[in-house]
> 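First the structure, which I've put down as structure tokens, then a few questions once you've had a look.
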Amino acid sequence: MKPQQIVDLALEYFHGKEGDPYGSRGYQHSRDYTKAFELFQEAAKKRKSVAYYYLGVMYRDGKGTEKDYDQAKEWFTRAEKLEHINAFSALKTLEHMVGAENGEPEAMHKLAMAYQYGEGVSDDIEEAIRWYKAAAEKGHPESQSSLGYIYHKAKMVSKDISQAVYWYKLAAAQGNSSALYGLGCIYLKGEGVDKDIDLAEKYLESSGH
């Protein structure tokens, strides 16, 4: 097979028919990470940047091979040198993963953001919330505020004002302006709480907005 044909088949095994629910890609095979890994290794010998990138993904996530962050970094770096479009963000997210798993709150927060917005990883709101909470429980005010916003605005999860107020208040106690503003809006409108104009004005004034 030609190098691009190897890559195409590797991608098919990586995503599988399961990843092509409408049949737009014409995939015939079911997902098989082991076969995908073998094919990406073969394509990598032909200096295909997409193969470098996906080998990084598979080592990072432990798909088709043992999880190995050092190998993941090596392959992402090779992909970046060949100017693969996603390699740079993948390297940054990998750095956050390492820091998060070492218990660093700031890395946890950045990893949560990566999952929320799909930067270097597939967007996954459940993973985002998991890492925001891990950082928030260590007292990280931006993560506390982010949780408050997620539960307040309910764009990706069910609205839960009690959770929003809980996390906003923790962040507000540390002077986080976004959390103070969020609380002000909640009390001004009486969203799931008794409307309290005086308290709302206090929070809004403190937020600087």
Side-chain angles (χ1 to χ4, degrees), residues 18-19 33 56-63 66-70 72-73 76 86-196 199-200 202-209:
E18 302 87 339
Y33 290 129
V57 170
M58 298 185 86
Y59 274 116
R60 182 194 68 195
D61 299 340
K63 292 179 176 178
E66 293 292 322
K67 183 180 287 190
D68 187 327
Y69 285 159
D70 290 335
K73 182 178 181 180
F76 283 144
N86 296 323
F88 177 76
S89 58
L91 275 169
K92 293 300 296 181
T93 299
L94 179 64
E95 181 182 324
H96 301 330
M97 282 183 177
V98 173
E101 292 185 8
N102 286 332
E104 300 170 15
E106 183 64 19
M108 292 174 178
H109 178 72
K110 289 179 178 177
L111 180 57
M113 290 181 65
Y115 277 116
Q116 183 175 358
Y117 299 108
E119 297 173 353
V121 289
S122 298
D123 59 288
D124 186 331
I125 191 59
E126 291 183 2
E127 275 295 288
I129 290 173
R130 182 169 80 88
W131 284 110
Y132 277 136
K133 284 185 176 179
E137 288 166 359
K138 287 179 174 286
H140 194 276
E142 285 79 15
S143 285
Q144 293 166 344
S145 181
S146 293
L147 284 171
Y149 184 84
I150 287 171
Y151 287 116
H152 179 195
K153 296 302 181 180
K155 292 182 179 179
M156 295 160 283
V157 298
S158 298
K159 179 174 284 195
D160 189 331
I161 293 298
S162 64
Q163 281 287 300
V165 169
Y166 173 78
W167 291 112
Y168 272 154
K169 283 187 174 180
L170 288 177
Q174 299 189 68
N176 183 276
S177 61
S178 296
L180 287 162
Y181 180 76
L183 283 170
C185 291
I186 286 173
Y187 281 101
L188 184 65
K189 298 176 182 177
E191 296 182 76
V193 296
D194 292 332
K195 182 181 288 189
D196 190 324
L199 187 56
K202 175 185 174 182
Y203 281 130
L204 290 172
E205 184 178 341
S206 298
S207 75
H209 287 277

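Values below: all heavy atoms of this structure, side chains included; hydrogens, waters and symmetry mates excluded.
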> Test your reading of the model: is there a side-chain donor-acceptor pair from Q144 to the backbone of W167, 3.5 Å cut-off?
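Judged by distance alone, no pair lies under 3.5 Å.
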> So for atom CD, which belongs to E101, do other residues, nucleotides or ligands contribute more than 12 heavy atoms lying within a distance under 6.0 Å?
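Atom CD in E101 is packed in, count exceeds 12.
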> Distance-only, no hydrogens or angles: does the Q163 side chain make a donor-acceptor pair with backbone N or O of I150 under 3.5 Å?
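Side chain of Q163 to backbone of I150, a donor-acceptor pair under 3.5 Å: no, none is there.
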> Is the CD atom of E18 crowded by more than 12 outside heavy atoms at less than 6.0 Å?
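More than 12 within 6.0 Å, yes.
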> Closest approach of D194 and Y187, non-hydrogen atoms and distance?
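What the structure gives for the nearest pair is O-CD2, 3.8 Å.
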> How many angstroms lie between CE in M113 and CD in Q116, if you round to the nearest 0.5 Å?
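One gets 7.5 Å once the value is rounded to the nearest 0.5 Å.
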> How would you list, by chain and number, every residue that makes a ring pair (Phe, Tyr, Trp, His ring centres under 6.0 Å) with Y149, sequence neighbours excluded?
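Ring pair (Phe, Tyr, Trp, His ring centres under 6.0 Å) check on Y149 returns nothing, list empty.
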> Yes or no on side chain to side chain contact (heavy atoms under 4.5 Å, CB included) for Y151 and I129, after CA distance, side-chain angles and deciding distance?
CA-CA 10 Å; Y151 287 116; I129 290 173; 4.0 Å; yes
> Using the rule given for side chain to side chain contact (heavy atoms under 4.5 Å, CB included), can you reason through L204 versus Y181, listing the C-alpha separation, both sets of side-chain angles and the distance that settles it, and then say yes or no?
CA-CA 5 Å; L204 290 172; Y181 180 76; 3.5 Å; yes
> At their closest point, which heavy atom of T93 faces which heavy atom of G120, and how far apart are they?
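Taking T93 first and G120 second, the nearest heavy atoms are OG1-CA, 3.6 Å.
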> Taking the side chain as C-beta and beyond, is there a heavy-atom pair between K169 and L183 under 4.5 Å?
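Side chain of K169 against side chain of L183, heavy atoms only: contact under 4.5 Å found.
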> Of all heavy-atom pairs between A107 and G99, which one has the smallest distance, and what is that distance?
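Reported closest heavy-atom pair: CB-C, 3.5 Å.
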> Can you tell me if S145 uses its side chain to pair, donor with acceptor, with the backbone of P141 under 3.5 Å?
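Checked: no pair found.
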> Please name the pair of heavy atoms, one in L180 and one in S206, separated by the smallest distance, quoted to 0.1 Å.
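Looking at all heavy atoms of both residues, the closest pair is CD1-O, 3.8 Å.
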> Decide yes or no for Y69 and R60: does some side-chain heavy atom of the first lie under 4.5 Å from some side-chain heavy atom of the second?
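Yes, side chains in contact.
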> With rounding to the nearest 0.5 angstrom, report the CD1 to OH distance, I125 to Y117.
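Result: 8.5 Å between the selected atoms.
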> Between CE of M108 and NZ of K133, what distance do you get to the nearest 0.5 Å?
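M108 CE to K133 NZ: 14.5 Å, rounded to 0.5 Å.
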> Could I get the full list of salt bridge (charged side-chain N to carboxylate O under 4.0 Å, His left out) partners for K92, not counting sequence neighbours?
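Result, salt bridge (charged side-chain N to carboxylate O under 4.0 Å, His left out) vs K92: E95.
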> Is there side-chain contact between K67 and Y59, with heavy atoms separated by less than 4.5 Å?
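Of all side-chain heavy-atom pairs linking Y59 with K67, none is under 4.5 Å.
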> For E191 and K159, run side chain to side chain contact (heavy atoms under 4.5 Å, CB included): C-alpha distance rounded to whole Å, both residues' side-chain angles, the deciding distance at 0.1 Å, then the answer.
CA-CA 11 Å; E191 296 182 76; K159 179 174 284 195; 3.8 Å; yes
> So, do K138 and S143 sit near enough that their side-chain heavy atoms are less than 4.5 Å apart?
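In short, these two side chains do not touch, never coming nearer than 4.5 Å.
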> For A100 and L111, which heavy atoms make the closest approach, and how far apart are they?
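Looking at all heavy atoms of both residues, the shortest contact is CB-CD2, 3.8 Å.
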> Could you tell me whether the side chain of M97 reaches within less than 4.5 Å of the side chain of V121, counting heavy atoms only?
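Yes, close enough: below the 4.5 Å cut-off.
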> Side chain to side chain contact (heavy atoms under 4.5 Å, CB included), that's the test. Do N176 and E142 meet it? Break it down for me.
CA-CA 7 Å; N176 183 276; E142 285 79 15; 4.2 Å; yes
> Take atom NZ in K195; do more than 12 heavy atoms of anything else shown fall under 6.0 Å from it?
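Not more than 12 within 6.0 Å, no.
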> Between Y203 and I186, is there a side-chain heavy-atom distance shorter than 4.5 Å?
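In short, these two side chains do not touch, never coming nearer than 4.5 Å.
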> If you define the side chain from C-beta out and look only at heavy atoms, does anything of F76 sit under 4.5 Å from N86?
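Answer no - side chains too far apart.
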> For the residue pair L147 and L170, establish whether any side-chain heavy-atom pair is separated by less than 4.5 Å.
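Heavy-atom side-chain distance check fails, nothing below 4.5 Å.
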> Below 30° counts as parallel, above 60° as perpendicular, anything between as tilted: where do the rings of Y132 and H109 land?
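Y132 and H109: tilted rings.
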> Which atom pair, heavy atoms only, marks the closest approach of D68 to D70?
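For D68 and D70, the tightest heavy-atom pair comes out as OD1-N, 3.0 Å.
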